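Worksheet: the structure to be examined is printed underneath.
Values below: every heavy atom of this structure, side chains too, minus hydrogens, waters and symmetry copies. Keep in mind that what you see is a predicted model, and the values were worked out from it rather than measured. Each chain gets a letter, A, B and so on, in the order its sequence line appears, and its residues count up from 1.
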2 protein chains.
Amino acid sequence: MAESTRERILDAALRAFGTEGFAATSLDALATELGIRKQTILYYFPSKQAIFEAVVDRAASDLVKVFEEQAARGIGGLDQVEAIVKRVFRLAVRRPQLLGLIREVTRPGSLSIDRLSAHTAPIFDRARDFLQREMDAGRMKSSDPEMLLLSLYSTVVGVATELEVQRAMGISDSLRGAVARRQELIRFLRAALEPA
Amino acid sequence: MAESTRERILDAALRAFGTEGFAATSLDALATELGIRKQTILYYFPSKQAIFEAVVDRAASDLVKVFEEQAARGIGGLDQVEAIVKRVFRLAVRRPQLLGLIREVTRPGSLSIDRLSAHTAPIFDRARDFLQREMDAGRMKSSDPEMLLLSLYSTVVGVATELEVQRAMGISDSLRGAVARRQELIRFLRAALEPA
DNA sequence: ACTTCTCTCTACCAATTGGTAGAGGATCGT
DNA sequence: ACGATCCTCTACCAATTGGTAGAGAGAAGT
């Protein structure tokens, strides 16, 4: 067997929650998609909410892993920023539901936001420290690192995930389009961050 | 009567759709909130989907109005960008559900995205032309105006609406926090856009 | 006085929701 | 051969969903 039932459920749930959203996803639809019965799902997870939390946990650690891999390389300055942007984009192309889920969890009024931030808080801290260090070393324009991090997050995640907005703007969402967006974004960020 | 029933329904629906989302909003809950019966809602609107579309239409024209008011001032260069950012932030503080609704509509797989973009396409075009003109005049760093617009959109909407992410990052979401975020964002954008 | 129109209501309904109870078939160690 | 464990199933269920049908109240026009 290539993949356990439990894993298949989590995969399908990630896709569904990440695109349709939590409320719009029914256990019956999920089961039908998997060719199993709803009760099989409820054998592995006690409730719909529990599935969601499991999906969030798995997605969060996947995300964290990507960041930690890059952080471990120890590159400095804007090259490191660029490398991270590239990794996020690769993730957005390969597993778009993953970032979709983040959007779902970070929606106002969503439960399990704390679950997500429990995972991500360490990378946020690490990123803030990184920015501060680079600013102090003069490899990056000085500003409030926390606010800068928020701007960076919004810009990168937005450009990587706002496919519908891009469609509305008339921007291609092909793979080639993704590369072009990434390049333009990196240029944008370099311009914003390069020291005077 | 201060406000017609129809208007009250639209107001409540905007709030609900903009925070809870379409699927998570029930007509019964909406009616209870308004102190009326669900059938009264269905007297004014033929279906839940129709309410959503009406809400989107109204929200879109509110948004467009804000942009057109600012565009009419005919300010140029980065001062105009700054003025628009300020307006978006004012909107985000006063009517946060409005931007929440935009996020709901622009979610992948959402219906009525076309309805929204029918309203907003003219301002996108206008904004693209504006950026191109300012670049040509040397008042702004040159780049692909369409991609730049996407970056700007993502950054501004993100910083204005990602309250949960900010909370997770430990950033205050008070009014004072909003002003600080706005200032920092403007600094960020100016750095990215200022000509060499 | 009578009709007409506008609005809100009660009374239902079929379909779908998340979830419970428990049967039955494998596969395993003994 | 036998119980135990693991897994998936059928059979239900109460609650909620969006939506229909139509009664009745009130105001307005004639």
Legend entry - Below 4.0 Å: OP1/OP2 of C:dC7 and any side-chain N or O of B:Thr5: no
Legend entry - Phosphate contact (C:dT8 OP1 or OP2) by B:Tyr44 side-chain N/O below 4.0 Å: yes
Legend entry - Ion pair B:Asp11/B:Arg58, N-O distance below 4.0 Å: yes
Legend entry - Residue A:Lys38, side-chain atoms from C-beta onward, closest of C:dC9, C:dG18, D:dT10: C:dG18
Inset, instruction - Establish, with yes or no, whether the OP1 or OP2 oxygen of D:dC7 is under 4.0 angstrom from a side-chain nitrogen or oxygen of A:Thr40. - result: no
Inset, instruction - Could you tell me whether A:Glu20 and A:Arg15 have a side-chain N and a carboxylate O separated by less than 4.0 Å? - result: yes
Legend entry - Shortest non-hydrogen separation from B:Ala191 to B:Lys141 and the atoms involved: O-NZ, 4.4 Å
Inset, instruction - Could you tell me the separation between the CZ atom of A:Phe52 and the P atom of C:dG18, rounded to a whole number of Å? - result: 14 Å
Inset, instruction - Would you indicate, yes or no, if C:dC7 has its OP1 or OP2 atom less than 4.0 angstrom from a side-chain nitrogen or oxygen of B:Tyr43? - result: yes
Legend entry - Result of checking B:Arg187, B:Arg182, B:Arg181 against B:Glu184 for salt bridge (Lys or Arg N to Asp or Glu O under 4.0 Å): B:Arg187
Legend entry - Atom-to-atom span, NZ of B:Lys48 to P of D:dT17 - whole angstrom: 9 Å
Inset, instruction - Could you check how far CD of A:Gln39 sits from C1' of C:dG19, rounded to whole Å? - result: 8 Å
Inset, instruction - May I ask you to verify if any side-chain N or O of A:Arg37 is less than 4.0 angstrom from the OP1 or OP2 atom of D:dT8? - result: no
Legend entry - Test item: B:Leu193 and B:Leu148 side chains (from C-beta on) under 4.5 Å apart, heavy atoms: yes
Inset, instruction - Find the distance B:Ile41:CD1 to C:dC9:C1' and express it as a whole number of Å. - result: 13 Å
Inset, instruction - Indicate yes or no for a side-chain donor-acceptor contact from A:Lys86 to the backbone of A:Ile186 under 3.5 Å, with no hydrogens or angles considered. - result: no
Inset, instruction - Mind calculating the distance between CG (B:Leu42) and P (C:dC13) to the nearest angstrom? - result: 18 Å
Legend entry - Presence of salt bridge, B:Asp125 and B:Arg128, under 4.0 angstrom: yes
Inset, instruction - Name every residue in residues 11-35 of chain B that has at least one heavy atom under 4.0 Å from any atom of DNA chain C, in order of residue number, or write none if there are no such residues. - result: none
